Amino acid sequence: MLTLHLTENSPPLSLAADGKTLFEHIVEQDKSRLRDVVAARIGGNLVDLQSVPADGDEVFLVEKDSEAGLEVLRHSAAHIMAEAVQILFPDAKVTIGPAIKDGFYYDFDIENPFTPEDLRAIEKQMKTLIKKGRNFVRREVGRQEAIDLFTGMGEEYKVELINDLPEGETLSLYQSGDFVDLCRGPHLPNASYLKGSVKLLSIAGAYWRGNENNRMLQRIYGTAFADKEALQQHLFLIEEAKKRDHRKLGKELDLFSIQDEAGAGFVIWHPKGALLRTILEDYEKRQHLKKGYQIVMGPQMLKADLWKRSGHFENYRENMYFTRIKDDSADGGEGQEYGIKPMNCLAHMLIYNSHLRSYRDLPLRYFELGTVHRHEPSGVLHGLMRVRCFTQDDAHIICMPEQLQEEITAILEFVAEVMNLFGFSYSMELSTRPEEKSIGSDADWERATQALIQALTVNQLEYEVNAGDGAFYGPKIDVKLKDALGREWQCATIQCDFTLPERFDLSYIGSDGEKHRPVMLHRVILGSIERFIGILIEHYAGAFPLWLAPEQVRILTVTDAHNEYGAQVAELLRDADIRVEADLRNEKLGKKIREAQLEKVPYMLVIGDQEVSSKTVAPRLRKQGETLESMSVEHFISHLQDELKVVLGGSHSC
RNA sequence: GCCCACGUAGCUCAGUGGUGGAGCACUUCCUUGGUAAGGAAGAGGUCAUCGGUUCAAUCCCGAUCGUGGGCUCCA
């Protein structure tokens with residue numbers, strides 16, 4: 001007997017294990033389920049509907065719009081794509097083609113890279129294959145048989161894969177039409193499940209097995225969804241993301257530029273962008289002071305010897321900028337070598353060491369908006385998200401080991417507060433010791449990791465573990481935030497460090513009168529100000545909330561007869577610390593509104609004859625062209641202050 | 001760093017082996033207009049940089065710089 005759960009909630013059915021496939025069982029029980037079911041789960045393993053359940057199996061069905069179901073759908077789509085490519089490009093050698101988050105890809109070794117026209121032709125060919133509705137047929141084979149098969153087909157990458165698989169592993173082949181692939185499965189019963197819901201997206205180069213020493217393959221990305229509507233929704237989100245691209249909006253809103261002649265990866269902040277950044281930084285400074293941090297500042301570069309002592313020279317040199325100026329000093333004119341800081345921790349430790357510290361002084365929390373330079377490979381640079389010079393909202397907390405958990409807890413609360421202000425949801429990840437390139441003893445790593453786990457546990461926070469993804473000096477907690485389009489970004493990070501205090505001989509005198517070694521936490525909340533602003537631009541689609549908007553109010557006069565009063569109003573608002581600009585140009589009101597609207601200014605104040613004579617302003621909101629009743633300037637100012645108070649809670653203005 | 005594509009006016013983009021275009025923006029003039037673009041004229045370019053092929057290169061070729069999409073979510 002076997003147990004079949006036909007739906008999630010229906011009572012399980014007991015069926016005879018009579019050699020029928022799952023597909024046949026479902027047909028017998030409820031044919032209509034075949035519309036939505038693409039695979040099954042037996043004892044934690046995903047299997048095809050073609051498989052024959054054994055006596056005692058408990059079978060759960062996998063629906064096509066579930067996570068596992070989509071994976072099956074996409075993996076099958078990858079196979080169909082590979083078949084289409086082999087029909088159109090018989091010389092193409094297949095490699096691997098997995099399902100990924102939001103889609104799938106397949107890598108091919110082919111003489112000439114694919115063109116966008118090729119992509120369309122491949123998609124068309126796929127549609128033909130899907131229409132034909134071929135079945136996916138599974139066959140298990142011995143190792144030698146598989147090697148002979150793929151060698152015969154000239155598919156050397158598959159042969160390499162087989163040779164790398166552990167001895168004794170069952171090898172399975174899937175055939176759809178004339179296309180045979182080495183594949184673990186499972187797959188759809190039939191390609192027709194993909195009708196109308198597959199789309200090829202892009203072509204890219206990718207290394208065989210991700211290793212840059214290997215041959216560059218041609219990758220095709222595509223996506224597939226449970227139905228046409230879900231696909232359309234996904235394509236809409238891609239379009240929406242394009243519209244919000246911070247590089248596009250950054251230019252349109254005149255926030256920043258990155259220019260060839262200045263250097264790749266170096267952001268130049270224009271007045272509005274610099275103001276936006278200042279607002280963010282001011283907010284951070286206030287919050288840190290409130291939470292018992294002390295603001296400090298270190299120099300942009302320090303002697304190279306200090307970087308050797310910290311381990312950065314050893315572990316991070318290839319990303320660091322160095323400088324040496326020849327002079328006539330005692331060292332023979334070679335000049336002192338300096339390293340431009342890629343991290344801010346060194347100066348903070350020098351501050352700590354500038355005094356003898358008592359346990360009564362701890363914890364010490366040093367905060368710095370620290371600008372760092374890191375030479376990232378040219379290929380990874382991307383707008384504000386990945387740059388070579390950026391400013392971190394960086395802090396180093398030096399404390400006693402027994403204070404560690406309390407400090408981490410406070411940081412996690414800080415993160416929650418800030419994420420909440422911007423409307424981001426977020427999740428946690430714990431990263432442990434890297435396999436290569438790390439410093440410190442096993443015991444230190446273990447202690448640090450445990451402290452982080454404890455703080456997460458005490459706060460009842462869920463987290464995922466990224467084994468081996470820690471920094472070279474310690475384990476860390478990363479916070480991934482989710483923006484308005486559901487995309488994830490890594491910003492805040494809390495890194496535990498038992499190593500640098502050792503290297504720099506940090507100490508404090510304990511209550512016992514003896515010297516002890518403190519612990520250090522490195523942490524950021526926003527991460528990089530540059531990247532965070534990039535995320536904010538996309539999150540808000542450039543329409544910043546009032547407290548962040550570089551220009552909060554724009555005054556629009558109807559004719560130049562109203563300019564004098566308009567300028568007076570601007571002065572009054574400016575006196576109330578409101579960021580205001582006046583558009584006094586000789587242009588029609590419609591044009592002034594259009595431009596203010598496109599520049600996403602939160603409030604527009606229209607000023608014409610009525611306002612001049614009654615000493616009022618007529619506010620128009622950025623949102624859907626809404627307007628407010630005409631009101632006095634004083635009334636308008638308190639209206640803005642109320643709105644700011646709701647968000648920021650305090651009585652200050654920004 | 002590597003693969004592919006791209007680099008033309010401040011911006012968005014056409015275009016050609018033989019004296020480079022449009023729209024917006026800019027300047028001047030006209031216009032004084034109440035909730036998303038008023039009109040006219042003008043100015044604006046070493047066609048990314050350097051080299052090669054050619055009688056002739058913005059266009060073809062190479063290099064460099066830069067930008068964009070990617071570069072183990074593992075049969």
Side-chain angles (χ1 to χ4, degrees), chain A residues 71 74-75 78-79 82 94-107 110 112-116 118 146 150 155 157-166 169-174 181-185 201-221 242 245 247-248 251-252 254 257-266 318 375-383 556-563 585-599 604-611 618-622 624-627 630:
Chain A
E71 216 176 296
R74 288 165 181 165
H75 195 174
H79 274 233
V94 294
T95 65
I96 61 165
I100 55 174
K101 182 179 178 289
D102 289 337
F104 61 87
Y105 68 80
Y106 209 111
D107 287 346
I110 187 167
N112 298 310
F114 296 115
T115 65
D118 293 340
F150 286 108
E155 298 288 7
Y157 292 93
K158 291 290 176 192
V159 176
E160 186 182 330
L161 288 169
I162 295 167
N163 283 327
D164 283 355
L165 288 172
E169 180 138 339
T170 316
L171 298 182
S172 55
L173 304 177
Y174 276 83
D181 202 354
L182 174 76
C183 183
R184 184 163 38 200
L201 297 173
S202 61
I203 312 156
Y207 299 105
W208 168 235
R209 302 195 142 179
N211 185 330
E212 62 186 353
N213 298 318
N214 287 340
R215 192 172 157 79
M216 176 70 72
L217 305 171
Q218 292 300 313
R219 172 170 299 182
I220 300 178
Y221 282 97
K242 268 189 205 158
D245 191 311
R247 293 164 301 182
K248 181 171 171 284
K251 200 177 273 181
E252 287 173 8
D254 199 17
S257 61
I258 299 171
Q259 302 181 25
D260 292 16
E261 53 188 333
F266 295 133
E318 58 271 29
H375 191 81
E376 303 288 351
S378 61
V380 305
L381 300 177
H382 179 88
L556 311 177
T557 49
V558 178
T559 75
D560 53 16
H562 314 118
N563 283 358
R585 292 174 306 164
N586 176 14
E587 294 289 352
K588 289 194 157 188
L589 182 61
K591 179 161 182 158
K592 293 185 181 185
I593 287 177
R594 177 181 156 81
E595 288 183 8
Q597 201 73 46
L598 289 174
E599 288 170 43
M604 289 156 250
L605 295 185
V606 174
I607 288 178
D609 286 339
Q610 286 169 39
E611 286 70 33
R620 175 192 161 105
L621 278 65
R622 160 181 67 188
Q624 301 130 22
E626 279 176 32
T627 56
S630 286

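Reminder, nothing fancy here: chain letters follow the sequence lines and each chain counts from 1. Model, not experiment: these values are computed from the prediction.
Checking side-chain atoms of A/S172 against main-chain N and O of A/C183 turns up a donor-acceptor pair under 3.5 Å. A/T557 places no side-chain N or O within donor-acceptor distance of the main-chain N or O of A/H562, the cut-off being under 3.5 Å. Checked by atom type and distance alone, the side chain of A/E611 pairs as donor or acceptor with a backbone atom of A/G608 at under 3.5 Å. For the pair A/Q597 (side chain) and A/R622 (backbone), a donor-acceptor distance under 3.5 Å is present. Using modelled atom types, no side-chain atom of A/S257 and backbone atom of A/Q259 make a donor-acceptor pair closer than 3.5 Å. Between the side chain of A/K592 and the backbone N or O of A/V606, no donor-acceptor pair lies under 3.5 Å.
Counting non-hydrogen atoms under 4.0 angstrom, A/S172 reaches a base of the nucleic acid. Looking at heavy-atom distances under 4.0 Å, A/E611 makes contact with a base. If you check every strand for non-hydrogen atoms under 4.0 Å, A/L171 touches a base.
Cation-pi check for A/R74 over A/F104 is not met; the charged atom does not lie both under 6.0 angstrom from the ring centroid and within 45 degrees of its normal.
Atom NE2 of A/H382 is separated from atom C1' of B/rG66 by 16 Å (rounded to the nearest Å). Across the protein-nucleic acid pair, A/H375 atom NE2 and B/rG1 atom C1' stand 9 Å apart, rounded to whole Å. Computed from coordinates, the A/E599 CD to B/rU35 P distance equals 20 Å when rounded to whole Å. Distance NZ (A/K592) to C1' (B/rG38): 13 Å, rounded to an integer number of Å.
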For nucleotides 26-31 of chain B, just jot down a letter per nucleotide in 5' to 3' order: B, S or -, based on protein non-hydrogen atoms under 4.0 Å.
-> -----B
Once each nucleotide of nucleotides 42-47 of chain B is scored for protein heavy atoms under 4.0 Å, what B/S/- sequence comes out, 5' to 3'?
-> ------
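Put simply, the side chain of A/R620 and the base of B/rU35 share a donor and an acceptor less than 3.5 Å apart. Applying the 3.5 Å distance criterion, the base of B/rG70 shares no donor-acceptor pair with the side chain of A/Q218. A donor and an acceptor atom never sit less than 3.5 Å apart when one is taken from the side chain of A/Y207 and the other from the base of B/rG70.
Regarding contacts with the backbone of B/rA75, a side-chain N or O of A/R184 is found under 4.0 angstrom from either OP1 or OP2. Listed pair A/R247 / B/rG68 meets the phosphate criterion, a side-chain N or O lying under 4.0 Å from OP1 or OP2. The shortest distance between the side-chain N/O atoms of A/Y221 and the OP1/OP2 oxygens of B/rC71 is below 4.0 Å. A/K251 has a side-chain polar atom (N or O) that falls below the 4.0 Å cut-off from OP1 or OP2 of B/rU12. Phosphate proximity of B/rG1 to A/S378: present, with a side-chain N or O under 4.0 Å from OP1 or OP2.
When both pairing distances are held under 3.5 Å, B/rC6 makes a Watson-Crick or G-U pair with B/rG66. Pair check for B/rC47 finds none; no Watson-Crick or G-U wobble contact set falls under 3.5 Å.
As rounded to the nearest Å, B/rG45 and B/rC11 have P atoms that lie 14 Å from one another. Annotation: B/rC60 and B/rG23 have their C1' atoms spaced 31 Å apart (nearest Å). Comparing B/rU46 with B/rG7, their C1' atoms sit 15 Å apart, to the nearest whole Å. Here the separation of B/rC59 from B/rA36, taken at their C1' atoms, is 41 Å to the nearest Å. Using atom P as the reference point in both B/rU58 and B/rG20, the two lie 9 Å apart (nearest Å). Taking atom P in both B/rC3 and B/rG21, the straight-line distance is 38 Å, to the nearest Å.
Annotation for A/R247 and A/H382: closest pair NH1-CE1, 3.2 Å, computed over non-hydrogen atoms. Listed here is the closest heavy atom pair of A/Y221 and A/A204: CE1-CB, 4.2 Å. Looking at every heavy atom in both residues, A/R209 comes nearest to A/L161 through NH2-CD2, 3.0 Å.
Comparing B/rG34, B/rG69, B/rA75 against the side chain of A/L182 picks out B/rA75 as the nearest. The side chain of A/Q597 lies closest to B/rA36, out of B/rA36, B/rC2, B/rG34. In this structure, of B/rC74, B/rU35, B/rA36, it is B/rC74 that holds the atom nearest to the side chain of A/I96. With B/rG70, B/rU35, B/rG34 as the choices, the nucleotide that has an atom nearest any side-chain atom of A/A204 turns out to be B/rG70.
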